[in-house]
2 protein chains.
Amino acid sequence: MSAFTLDGEGPLHGQIRRALSGAILTGRIPPGGRIPPESELMTLFGASRMTVHRALAALAAEGLVRRNRRAGTVASPEARGRAVFEIWDIGAEIRAAGHAHRFEILSRAVRQAGDDELDLPAAARLLDIATRHLSDGAPMQVEERLINLAAAPAAAEEPFAATPPGRWLLDHIPWTEAEHAIRAVAAPARVARLLGMKAGDAALVVERRTWNGSVPVTFARLWHPGDRHRLVGRFSAGG
Amino acid sequence: MSAFTLDGEGPLHGQIRRALSGAILTGRIPPGGRIPPESELMTLFGASRMTVHRALAALAAEGLVRRNRRAGTVASPEARGRAVFEIWDIGAEIRAAGHAHRFEILSRAVRQAGDDELDLPAAARLLDIATRHLSDGAPMQVEERLINLAAAPAAAEEPFAATPPGRWLLDHIPWTEAEHAIRAVAAPARVARLLGMKAGDAALVVERRTWNGSVPVTFARLWHPGDRHRLVGRFSAGG
DNA sequence: GCGGAGTTATTGTATAGACATTATTTTGCT
DNA sequence: AGCAAAATAATGTCTATACAATAACTCCGC
């Protein structure tokens, strides 16, 4: 039978979790393969049922196994499906890379909602604001942003002097849903000039929408020079 | 005092988790704000400590709260930092959009490792394979891939007739670490021709590396037509 | 006021036991 | 054989209890 070995490091439920996730990720238990029932794992690992259950529940939450009453626990065939990117705060990213972050507000206006990316009634008031972010003086991002003033009334009075709009929203306005889209497009002339690239050059565009419940909060279109900016995501399967 | 309300749906620990995560995400508990200790939550929710603890442990695992012995539990300031993309299987993506997926192997060769993206000794043998994926006949991705045959020996014999290399690797070769980089670049002539775009047009490039432990498994460079392909990630804060 | 020792609040881990839920298997009846 | 009812195997939830680990606080002697 599959003998599992504990590494002796840290709490028992963690050791059990690692032993099982290791067996799955190294292929010793193939996708769809059966994991012994809790009762059996209890004796295999010398642990109580709650402890074993805790380890299995964690694996199920990660998506590594699928569990069913009476039918048992199997290694999930679609275990490996997600890539996580941190694409929220260009300032933090620039500073993390050891550079100096500076930004400037390019334009700012309050206006009525129209045929916008934010799906709002025409009566709604929007803050329409454009920002440029620089890394050691080199332009790295142009941020075009619409803010629903009904969802973030304080934004109307905020000067965005020390904190750029994106970061300010993260800090002050709650949200519950977010959607991102990433595209590569030819840079229009205005953006190209601001980013120090030629019109038509490849730009990496991230579009972000957030909602609080069903109320749209903000829409942001973030332009990056294609050659100078990369989104990087790392995924380690150990949990 | 913050009164929390349970929604009565599903298991108690889930209700408690939602009640607390709701309070955090709607800003009722601000970032850095204190969550009552387990002993207090027990009486607030009428649950045992283990049940309360389970809810809090789940929130901590999600990163919504930070917990410290004796110091208590606080809402995490960097709670909202991740965007998750499913960028693994272009075939599944195309089919999910209701289109027909077809692919063709463009070239295939086994060769020695050289100055490659995979960081391998020169003696290592690689499978170097290029594939084109089509959605209802329209080219959607060019996949340039290197496979470390030491990590995936079976790949040498695999014809990749029914299953394209990326999907085949997912199904057959275990891995533990992955890294993704997303860029926008001007399409080189060869790729542009294969994707039905003009040379120099913006292409969205995803580069993926995977390892099994410390052994490199594969490197893939995935080219997409910038105007026709978007990566979309959704993030719902309810968990 | 300061350093250090003791106390305490809070989370972390683990167990045993009870009952609920659910899908499968078996049994029994026709 | 076929179908319905009962048994069963597995996970899911919850409680009560015990003790461990850690960091903050208190108090005391000087």
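Proteins get letters first, then strands, A, B, ... in listed order; numbering begins at 1 in each.
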Can you see if the side chain of His53(B) gets near the phosphate of dT11(C) - specifically, an N or O under 4.0 Å from OP1 or OP2?
no

With respect to the phosphate group of dA10(D), does any side-chain polar atom (N or O) of Thr73(A) fall under 4.0 Å of OP1 or OP2?
no

Any donor-acceptor pair, under 3.5 Å, between the side chain of Arg54(A) and the base of dG12(C), if you only look at N and O atoms?
no

Would you kindly check whether a donor in the side chain of Arg67(A) faces an acceptor in the base of dT11(D), or vice versa, at under 3.5 angstrom?
no

What's the [atom1]-[atom2] distance between [X] and [N], to the nearest Å?
X	N	atom1	atom2	value
Glu38(B)	dA18(D)	CD	C1'	15 Å
Leu41(A)	dG12(D)	CG	P	13 Å
Arg49(A)	dA18(C)	CZ	C1'	11 Å
Gln15(A)	dG12(C)	CD	C1'	15 Å
Arg66(B)	dG12(C)	CZ	C1'	18 Å
Met50(A)	dT13(C)	CE	P	13 Å
Ile16(A)	dT13(C)	CD1	P	12 Å
Leu56(A)	dA14(C)	CG	P	14 Å

Looking at Glu38(B) and Arg67(B), is any side-chain nitrogen of the basic one under 4.0 Å from a carboxylate oxygen of the acidic one?
yes

Is it true that the side chains of His180(B) and Glu207(B) contain a donor and an acceptor less than 3.5 Å apart?
no

Distance alone, cut at 3.5 Å: any donor-acceptor contact between the side chains of Arg145(B) and Thr218(B)?
yes

Toward the 5' end of DNA chain D, by each residue's nearest nucleotide, Gly46(B) or Arg34(A):
Arg34(A)

So what does Leu12(B) hit on the nucleic acid, given a heavy-atom distance under 4.0 Å: a base, only sugar-phosphate, or nothing?
sugar-phosphate

Classify the nucleic acid contact of Ala57(B) as base, sugar-phosphate or nothing, counting any heavy atom under 4.0 Å across all strands shown.
nothing

Non-hydrogen side-chain atoms of Trp211(A) and Val217(A) separated by less than 4.5 Å
no

Taking C-beta and beyond as the side chain, do Val205(B) and Ile182(B) meet within less than 4.5 Å on heavy atoms?
no

For Pro11(A) and for Arg69(A), locate the closest nucleotide of DNA chain C by heavy-atom distance; then report the residue assigned to the nucleotide nearer the 5' terminus.
Pro11(A)

Select from Thr51(A) and Arg70(A) the residue whose nearest nucleotide in DNA chain C is closer to the 5' end of that strand.
Thr51(A)

